[in-house]
*Asks:* 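Just dropping this structure here.
From a predicted model like this one, the values you see are computed outputs, not experimental measurements.
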Amino acid sequence: NQEILQQIFKNLDDTNKVMLSGLSGSAKSFMLQEVFRHGSGRLLYIAAEEERAYDLARELQQLLGRDKVALFMERDFVFKSENPTPSAMDRIATLTDLVMHPRRKTITITTVGALLFCIMSPTQMQKATRSLVRGQDFPLHDLIRDLVGSGYERADTVTRSGQLALRGGIFDIFPAGAKDPYRADFFGDTVDSLRRFDINCQRSGEKVDQVVISPADELAGEGLTSSL
């Protein structure tokens with residue numbers, strides 16, 4: 001009831017530890033929703049297992065909206081993956097949002113297994129992130145070198161997330177964690193135009209002023225000591 005909720009909120013506002021037990025089913029989603037709405041910052045929930053984490057994320061997305069709930073699930077450790085898994089792209093998208101928008105109010109759902117391995121620090125991720133702005137200069141070959149070093153795959157044609165391609169002065173890239181691929185027309189080292197494009201027909205579409213390109217691999221680089 002409201003009296004119990006207010007007592008919980010007061011303890012949280014006073015930075016006291018609060019332990020809740022016996023919550024199951026929709027009661028857990030309801031309580032997380034209320035705590036999230038009361039607070040002003042980010043919320044992290046560590047689930048015991050992946051299946052429950054996905055179920056909880058779906059429930060909270062229905063209650064709060066998809067843009068308020070982020071996933072950080074376990075990654076698949078393989079020598080070379082032909083196609084990035086959805087969980088890998090979710091991880092990059094979540095890390096990018098944490099670094100680029102630290103004050104954005106969201107709830108991140110993760111598991112113990114997802115937190116076991118060291119990844120890029122926020123400083124390392126910011127340093128590896130590139131931003132293309134229409135009208136600005138950016139040495140194209142330096143850009144490609146940096147992006148390949150941060151996990152991007154060079155291809156003849158961009159067909160999936162994590163790929164880039166260069167044909168003359170036309171640079172295509174599908175930024176990791178992004179919803180759409182982008183095409184930049186370079187005039188020398190100057191970004192002459194930026195557009196979204198369609199992967200299926202490869203046709204350019206809507207113009208944009210800026211494209212932020214996050215690293216494609218959270219394990220790229222040396223001296224990895226951070227976690228979520």
*Asks:* Are V208 and V133 linked, directly or through intermediate hydrophobic residues, by side-chain heavy-atom contacts shorter than 4.5 Å (ILVMFWY only)?
*Replies:*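 Different clusters: V133 never reaches V208 through Ile, Leu, Val, Met, Phe, Trp or Tyr contacts under 4.5 Å.
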
*Asks:* Is the charged tip of K68 near the ring of F36: under 6.0 Å from the six-membered ring centre and within 45° of its axis?
*Replies:*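 The answer is no, since K68 fails at least one limit relative to F36.
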
*Asks:* So which atom in F171 and which in F186 form the shortest heavy-atom distance, rounded to 0.1 Å?
*Replies:*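 Closest approach of F171 to F186, heavy atoms only: CB-CE1, 3.9 Å.
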
*Asks:* For L43 and K105, run side chain to side chain contact (heavy atoms under 4.5 Å, CB included): C-alpha distance rounded to whole Å, both residues' side-chain angles, the deciding distance at 0.1 Å, then the answer.
*Replies:* CA-CA 8 Å; L43 188 64; K105 189 176 178 181; over 6 Å; no

*Asks:* So does N16 have more than 12 non-hydrogen atoms from other groups sitting under 6.0 Å from CG?
*Replies:*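 Yes.
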
*Asks:* In Å, rounded to the nearest 0.5 Å, how long is the span from CG of L115 to CZ of F72?
*Replies:*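 So the CG of L115 and the CZ of F72 are separated by 6.5 Å.
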
*Asks:* What closest approach, in Å, do R183 and S204 show between heavy atoms, and which atom pair accounts for it?
*Replies:*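 Heavy atoms only, the tightest pair is NH1-OG, 3.0 Å.
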
*Asks:* Decide, yes or no, whether a salt bridge links K10 with D13 under the criterion of side-chain N to carboxylate O below 4.0 Å.
*Replies:*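 Salt bridge: no.
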
*Asks:* NZ of K28 to CG of D55: how many Å apart, nearest 0.5 Å?
*Replies:*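 With rounding to 0.5 Å, NZ (K28) is 11.0 Å from CG (D55).
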
*Asks:* For residues Q62 and R58, is any side-chain donor paired with an opposing acceptor at under 3.5 Å?
*Replies:*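 No.
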
*Asks:* Step by step, would you call E153 with R160 a side chain to side chain contact (heavy atoms under 4.5 Å, CB included)?
*Replies:* CA-CA 10 Å; E153 174 194 353; R160 59 175 175 79; 2.4 Å; yes

*Asks:* Taking only Lys NZ, Arg NE, NH1 and NH2, and the carboxylate oxygens of Asp or Glu, determine whether D97 and R42 approach each other closer than 4.0 Å.
*Replies:*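 The answer is yes: the pair qualifies as a salt bridge.
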
*Asks:* At what distance, to the nearest 0.5 angstrom, does CZ of R91 lie from CG of L71?
*Replies:*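 Nearest 0.5 Å value for the CZ-CG distance: 11.0 Å.
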
*Asks:* Do R203 and D198 meet the salt-bridge criterion of a basic N to acidic O distance under 4.0 Å?
*Replies:*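 Not counted as a salt bridge, because no side-chain N and carboxylate O are separated by less than 4.0 Å.
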
*Asks:* Taking the side chain as every heavy atom from C-beta outward, state whether L32 and L56 have any pair of such atoms under 4.5 Å apart.
*Replies:*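 Answer yes - side chains close enough.
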
*Asks:* If you compare all heavy atoms of Q163 against all heavy atoms of Y152, which two are closest, and at what distance to 0.1 Å?
*Replies:*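 Taking every non-hydrogen atom into account, N-CD2, 4.1 Å.
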
*Asks:* Flag yes if more than 12 heavy atoms outside R37 fall under 6.0 Å of its CZ atom; otherwise flag no.
*Replies:*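 Yes, the 6.0 Å shell around CZ holds more than 12 heavy atoms from other groups.
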
*Asks:* Using a 4.5 Å cut-off on heavy atoms from C-beta on, say whether the side chain of S226 contacts that of P122.
*Replies:*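 A side-chain contact exists here, since the closest heavy-atom pair is under 4.5 Å.
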
*Asks:* Measure the CG-CD1 distance between L166 and I170 for me, rounded to the nearest 0.5 Å.
*Replies:*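 If I round to the nearest 0.5 Å, the distance is 9.0 Å.
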
*Asks:* Hey, could you give me the CG/OG distance between L63 and S26, rounded to the nearest 0.5 Å?
*Replies:*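 Rounded to the nearest 0.5 Å, the CG-OG separation comes to 9.0 Å.
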
*Asks:* Within a reach of under 6.0 Å around CZ of R103, are more than 12 heavy atoms found that belong to other residues, nucleotides or ligands?
*Replies:*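 Incorrect, the count does not exceed 12.
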
*Asks:* Is the number of heavy atoms from other residues, nucleotides or ligands under 6.0 Å of Q126 CD greater than 12?
*Replies:*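 Yes, because the 6.0 Å sphere around CD of Q126 holds more than 12 heavy atoms from other groups.
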
*Asks:* Applying the 4.5 Å side-chain criterion to the ILVMFWY set and letting contacts propagate, would L194 and M100 be lumped into a single cluster?
*Replies:*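 No, because L194 and M100 fall into different hydrophobic clusters, even though each may have its own neighbours under 4.5 Å.
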
*Asks:* With sequence neighbours excluded, tell me which residues meet side-chain hydrogen bond (donor to acceptor under 3.5 Å, both in side chains) with E59.
*Replies:*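 With neighbours one apart ignored, the set is S29.
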
*Asks:* Are side-chain heavy atoms of K207 and R196 found at a separation under 4.5 Å?
*Replies:*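 Result no, sub-4.5 Å side-chain heavy-atom pair not found.
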
*Asks:* Give the intermediate values and the outcome of side chain to side chain donor-acceptor pair (under 3.5 Å) for residues E74 and S87.
*Replies:* CA-CA 7 Å; E74 296 180 41; S87 63; over 6 Å; no

*Asks:* State plainly whether one hydrophobic cluster holds both Y45 and I8, where clusters connect Ile, Leu, Val, Met, Phe, Trp and Tyr through side-chain heavy atoms under 4.5 angstrom apart.
*Replies:*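 Same cluster.
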
*Asks:* Within the 4.5 Å heavy-atom criterion, are D172 and R167 side-chain neighbours or not?
*Replies:*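 Of all side-chain heavy-atom pairs linking R167 with D172, at least one is under 4.5 Å.
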
*Asks:* One thing to verify: whether R195 and E206 come together as a salt bridge, which I'm taking to mean a side-chain N less than 4.0 angstrom from a carboxylate O.
*Replies:*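 Answer for the salt bridge query: no.
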
*Asks:* Take a 6.0 Å sphere around NZ of K127 and say whether it holds more than 12 heavy atoms from other residues, nucleotides or ligands.
*Replies:*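 12 or below, so no.
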
*Asks:* Of the non-hydrogen atoms in M73 and Y54, which two are nearest, and what is the gap between them?
*Replies:*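 Nearest heavy atoms, M73 then Y54: CG-OH, 3.3 Å.
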
*Asks:* Knowing that exactly one of L98, I92, T94, V99 qualifies, which makes a side-chain contact (heavy atoms from CB on, under 4.5 Å) with T96?
*Replies:*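 Only one of L98, I92, T94, V99 forms a side-chain contact (heavy atoms from CB on, under 4.5 Å) with T96, namely I92.
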
*Asks:* Report yes or no: do I213 and M89 belong to one cluster of Ile/Leu/Val/Met/Phe/Trp/Tyr joined by side chain heavy-atom distances under 4.5 Å?
*Replies:*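 Each belongs to a different hydrophobic cluster.
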
*Asks:* Give the minimum heavy-atom separation between T111 and A53, together with the two atoms involved.
*Replies:*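 Reported closest heavy-atom pair: CG2-CB, 4.0 Å.
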
*Asks:* Do D146 and L143 make a side-chain contact, defined as non-hydrogen atoms from C-beta onward lying under 4.5 Å apart?
*Replies:*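 A side-chain contact is absent here, since even the closest heavy-atom pair is not under 4.5 Å.
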
*Asks:* F138 and V212: same hydrophobic cluster, using ILVMFWY side-chain contacts below 4.5 Å?
*Replies:*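 They do not share one cluster, since no chain of ILVMFWY contacts under 4.5 Å joins F138 to V212.
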
*Asks:* Any side-chain heavy atom of L12 within less than 4.5 Å of one from V18?
*Replies:*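 A side-chain contact under 4.5 Å exists here.
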
*Asks:* Can you name the one residue among I173, L147, D142 that meets side-chain contact (heavy atoms from CB on, under 4.5 Å) with R130?
*Replies:*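 Exactly one candidate clears the test, L147.
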
*Asks:* Are V211 and S131 side-chain neighbours, meaning at least one heavy-atom pair lies under 4.5 Å?
*Replies:*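 Not touching, per the 4.5 Å side-chain cut-off.
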
*Asks:* Taking side chain as C-beta onward, heavy atoms only, is Q202 less than 4.5 Å from T157?
*Replies:*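 Yes. Closest side-chain heavy atoms under 4.5 Å.
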
*Asks:* Ring-plane angle category for H38 and F9, please: parallel below 30°, perpendicular beyond 60°, tilted otherwise.
*Replies:*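 H38 and F9: parallel rings.
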
*Asks:* Check whether the side chains of Q136 and T190 place a donor and an acceptor atom closer than 3.5 Å, and report yes or no.
*Replies:*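 No donor-acceptor contact under 3.5 Å links the two side chains.
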
*Asks:* Can you list the steps and then say if I144 with R154 is a side chain to side chain contact (heavy atoms under 4.5 Å, CB included)?
*Replies:* CA-CA 8 Å; I144 291 175; R154 189 162 183 175; 3.9 Å; yes

*Asks:* What are the two closest non-hydrogen atoms of S161 and G177, and how far apart are they?
*Replies:*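 S161 and G177 have their closest heavy atoms at OG-N, 3.9 Å.
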
*Asks:* How many angstroms lie between atom CZ of F174 and atom OG1 of T159, to the nearest 0.5 angstrom?
*Replies:*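 F174 atom CZ to T159 atom OG1 measures 9.5 Å (nearest 0.5 Å).
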
*Asks:* Before giving the answer on side chain to side chain contact (heavy atoms under 4.5 Å, CB included), spell out for I4 and Q2 the whole-Å C-alpha distance, their side-chain angles and the decisive distance to 0.1 Å.
*Replies:* CA-CA 5 Å; I4 294 175; Q2 286 300 314; over 6 Å; no

